[in-house]
Amino acid sequence: MLSPAAFAGPLVGPSRVSTVSTVSTVSTVSTVSTVSTVSTVSTVSTVSTVNDDHGAPFMTGAALELVGRDAELAMLRGFRAEMARSAGALLLAGDPGVGKTALLRAAAADAAAAGMRVLSASGTPFEAKHSFSCLHQLLHPVGEQIGWLGPAHRQALQVALGIQDCEPPSLLMIANAVLDLLRQLATEDSVLLIVDDLQWIDRASAMVLAVTARRLTRGVGLLAAYRSGHETFFDRAGLPEYEIRPLDETAAAALVAQRFPALVPRVRGRLLAEAQGNPLALLELPLALTDRQQTGVGSLPDVLALNRRLQAAFAARIDGLPPQTRRILLLAALDGSGLLSNLIAGEPDLVALAAAERAGLIHVDNRVGRLTFHHPLTRSAVVEGSMFDERIRAHAQLAAAMADRPERAAWHLAQASTGPDETVARLLEDAAYTVRSRGDAAGAVTTLLRAADLSPTDTDRSRRLAEAAYLGALVTGDLRDVPRLLAGDGHPSGEQSLVTAVAAAHHLLLSGEGDIGTAHRLLAGAIQMQAVPYDGDNPTMVEALYTLGWVCYFSGQADLWEPFHAALSRLSPPTPELLALLAGTFDDPARTAAPLLDRLDAAIVGLSVQTDAVWTIRVTLAAMFLDRLTSCRTPLSAILGREPGPGLTLTLHARSLLGLDQFMTGEWDAVRRIAEEHVELCQAHDYRLLECIGLYLLAMLAAAHGDHEQVRQLTDRMTIWATPRGAGLVLRIAEQAKLLDALGRADFGQAYQHATTIATVGQMPAHIPHGLWLIMDVVEAAARTGRIAEARAHVAAARDCRVAAISPRLAMTIEAAAALAAPDDQAPALFDAALAVSGGQRWPFERARIQLAYGERLRRSKANAAARRHLATALETFDRLGALPWSARASAELRATGHTVGGLPSTGPAALTPQQRQIAELAAAGLSNKQIGEKLFLSPRTVGTHLYQIFPKLGITSRAALRDAIADTSHLT
């Protein structure tokens, strides 16, 4: 029974309760343990409890015996034992009332008895709208240990949990902080996280926990349950699941006989048939029957759907409670936190609440002052059984009780509002930015939409809808609601028009509409409407300019860049860093990027501590044309590690950027996987423009592999969509794939046509930044078709722009292009210079193409011995990559030197290719595969493959024998 001390503070000892149902044996119980959540109880005896700080009791010892669940309990014990040795996650799925909660509690009891630390939380429909509420439940008991973390992780968790205000952390940073905390906790005792009702936990917590579940460390486990068929923000893909089935007939009959021995056989049989093995139904349906019905004298109710019957069973028990008790239960149901301080005003309320506890509907933890419902259906029945005016009063009372928590108070005031209310709308708007500051942009959008609904004036409503559209399009990447939001935006003006334009431009650009021209006019017009000079400290103006630059880039049209540069010139200094990097690398990088290289490199280094995914993507985009993507791989991979991610647009950019770097560095198997996933995601969300980037990667891969038909099909898809929309970038990268395909097939006439479609040969084109990638391709196409003057003019244009200083790849390809266009007596020195560029091995496909061209030129000069060396190395790279047409060209040239392909010595150091010789020397020096890969810009897996080939050539079976096998270094030079 509750006492006034329960409200004033924790009690020293447990309270005594009794249940209202007939039981076979009832003894003293330390905390209430209603049978509705236990599913199958044979006896109840004296027990102790382990409580989480939200009052959810987890029985320990042998207090409760679950009938018919031996297999499930054995499985859970096996899971607990396994995660104690390593790590693991397991999801339980099942229908409402099937016993998921009871099994979670049994698992918690087993873990506690084994000395593990148990952290628990559960989702509720009424907490789902509060960002990180579930995470707060889980971590509240270990709040002091957050201080163990390093500064970055400590700050991320404190911001997410509302402990401090700071720059919003990314969800991945929060997940990493949680993992760090769990790892440190596990150094003392194993840790088991238990989360019930996954389908109702808030979006932000779900995303963090989904990442956490896949990266748990030794001694940490996650056990969670959700309702079958319910959608959830928690990404379950790839995690092991176990379906909880209803009880079989024998177990169901045993349960009913134990719990309700007074039921006559006819009534018992009817209940067994109706419940169909659902433990909650077996335990709750009899409680809704009258004494006459239980004894068979009264008629039983007609057949109802199971959920309705269960709801009716709970409703019947609630209806019998005093009005004051029902009022407090309604407050608790709408509150979600269960804090007694929000619900109870004095001793009369405590007495009223005790009636619900005696009825077995709730559990009150006197120690922490919290109330929990024993089953979610109880909560639902309380709300559904209330009147509209009762709910209004309850929300108003909760808002008053939460005056010190503005975000939650604003939500309750919104629910209590029956019409427009600017005061409440303003509070919600403030709450939206608080939510955003914690890293939950999606929650901020939801809050802004409600604020717009409550706005009395069209102006305020339009402004808030525009803000919601802006966040929805830019931060979350969710474009689906943008047209609807903007349709209700009225006639925006001033900065509001700029916000609206940014949101609309993102929708027009990325969606299936792909209306680049309209997006450009909308943005450029909105920017021109602003007061001059434009404020460089205004984030909306900066975002508008960045978006305008993005639109110009995809257009590929020089005239569209003019308004961008004009607006940039009117921006009050200093120009924000990301905007400066965009202006210097997206429009005309051949001429404007060089002065920015040091700043770009510094920004890339800073990504190691950057938590803002938008910043990371934009820095990486600036690095894209300047051959610095490899340095950005770790932060890009970190973005993909967020499940489902910080926003779809950002994760799509991360995929395409990683795929592009993998293609350039010869990791083609990885390219195919990531590009196909990219295309599937774009198709699912109608991101047609970004889908074309995935198709481009697949087309380039097909061209390199020699699949001409697939190149045609993929590029046709790109051009059919891009042509009517004026997406010049898409049209040009489609031509790039066709150009590579033609070069591989040695169809140089066709290759030249594709080259001239992209840009004028002999010039470094402005407004076509990816022209930097094509210098060698264009020169080869021109030189091979006898257009030597154009080829040399193109090389001269590249040298005039000094693009060789931008990256080793550009230095290597420009020297190779010069060699392709040079006379025979000058070509060898230029080819040697190209191959001597430090770091050129990072781009194996392009380097092999240079070796092929060098070998071809040497063979024509009758230097067959030297030609064979370069051609053999090129052939080995092409074969490894699967670049079939290039392998065919190299093989033909090798045979033309009088060498039989495959006729290199089969054993001994002379049988090694140049790259294999490098790997052998480094391995003999004691370097690991990873270290060798870092030196030669290869993946550890590729290094391992080479060593697998090297050992039999050298007649050895281990790395230890390498040193002796290559002791005669003369064979390796």
Side-chain angles (χ1 to χ4, degrees), residues 91 121-139 156-157 159-162 168-178 193 195-214 222 224-227 230-237 239 336-337 376 407-408 410-411 414-415 428 431-451 467-482 485 611-614 639-651 681 684-685:
L91 306 181
S122 61
T124 70
F126 310 96
E127 284 277 279
K129 58 181 171 287
H130 297 302
S131 301
F132 299 111
S133 59
C134 179
L135 193 63
H136 191 277
Q137 285 187 56
L138 275 176
L139 301 185
L157 270 186
V159 171
L161 300 178
S170 66
L171 292 179
L172 180 62
M173 174 62 78
I174 297 169
N176 286 337
V178 172
L193 306 178
V195 182
D196 201 2
D197 287 317
L198 273 180
Q199 73 278 1
W200 286 329
I201 68 175
D202 63 280
R203 179 199 302 253
S205 295
M207 293 178 176
V208 168
L209 290 175
V211 176
T212 303
R214 288 165 173 78
L222 171 67
Y226 70 95
R227 287 188 179 184
H230 278 62
E231 293 299 323
T232 170
F233 291 115
F234 185 93
D235 183 8
R236 307 190 303 268
L239 294 176
S337 72
E407 177 192 341
R408 296 179 72 93
W411 263 110
Q415 297 302 313
L428 278 175
Y433 289 103
T434 299
V435 171
R436 172 69 184 102
S437 71
R438 294 177 186 169
D440 183 13
V445 171
T446 302
T447 309
L448 278 170
L449 291 177
R450 180 59 177 153
E467 290 286 345
Y470 170 83
L471 281 177
L474 177 67
V475 182
T476 71
D478 188 348
L479 304 177
R480 292 169 293 183
D481 282 339
V482 171
L485 298 177
T611 61
D612 186 347
V614 174
I639 289 175
L640 291 186
R642 311 176 193 187
E643 296 289 348
L648 182 60
T649 306
L650 298 177
T651 57
L681 283 170
H685 294 85

Side-chain heavy-atom pair Phe132, Leu138 within 4.5 angstrom cut-off: no

Next on the checklist: When you compare the side chain of Phe234 with that of Val195, does any pair of heavy atoms fall below 4.5 Å?
Outcome noted: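 Sidechains of Phe234 and Val195: no contact.
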
Establish, from distance only, whether the side-chain atoms of Ser133 and Asp202 form a donor-acceptor pair under 3.5 Å.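 Their side chains do contain a donor-acceptor pair, which is all the 3.5 Å distance test asks for.
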
Distance, nearest 0.5 Å, that separates CD1 of Ile639 from OG1 of Thr651:
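Rounded to the nearest 0.5 Å, the CD1-OG1 separation comes to 8.5 Å.
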
For a quick test of reading the model, state the closest non-hydrogen atom pair linking [X] to [Y] and the distance between them.
X: Val159; Y: Pro169; value: CG1-CD, 3.4 Å
X: Ile174; Y: Ala156; value: CG1-O, 4.1 Å
X: Leu650; Y: Ala613; value: CD1-CB, 3.9 Å
X: Ile201; Y: Cys134; value: CG2-SG, 3.7 Å

Main chain of [Y], side chain of [X]: is a donor-acceptor contact present, judged purely on distance under 3.5 Å?
X: Ser205; Y: Leu135; result: yes
X: Arg450; Y: Leu428; result: no
X: Gln199; Y: Arg227; result: yes

Sorted by chain and number, sequence neighbours left out, side chain to side chain contact (heavy atoms under 4.5 Å, CB included) with Ala175 holds for Val208, Val211, Thr212

Applying side chain to side chain donor-acceptor pair (under 3.5 Å) to Glu407 and not counting sequence neighbours gives Arg438

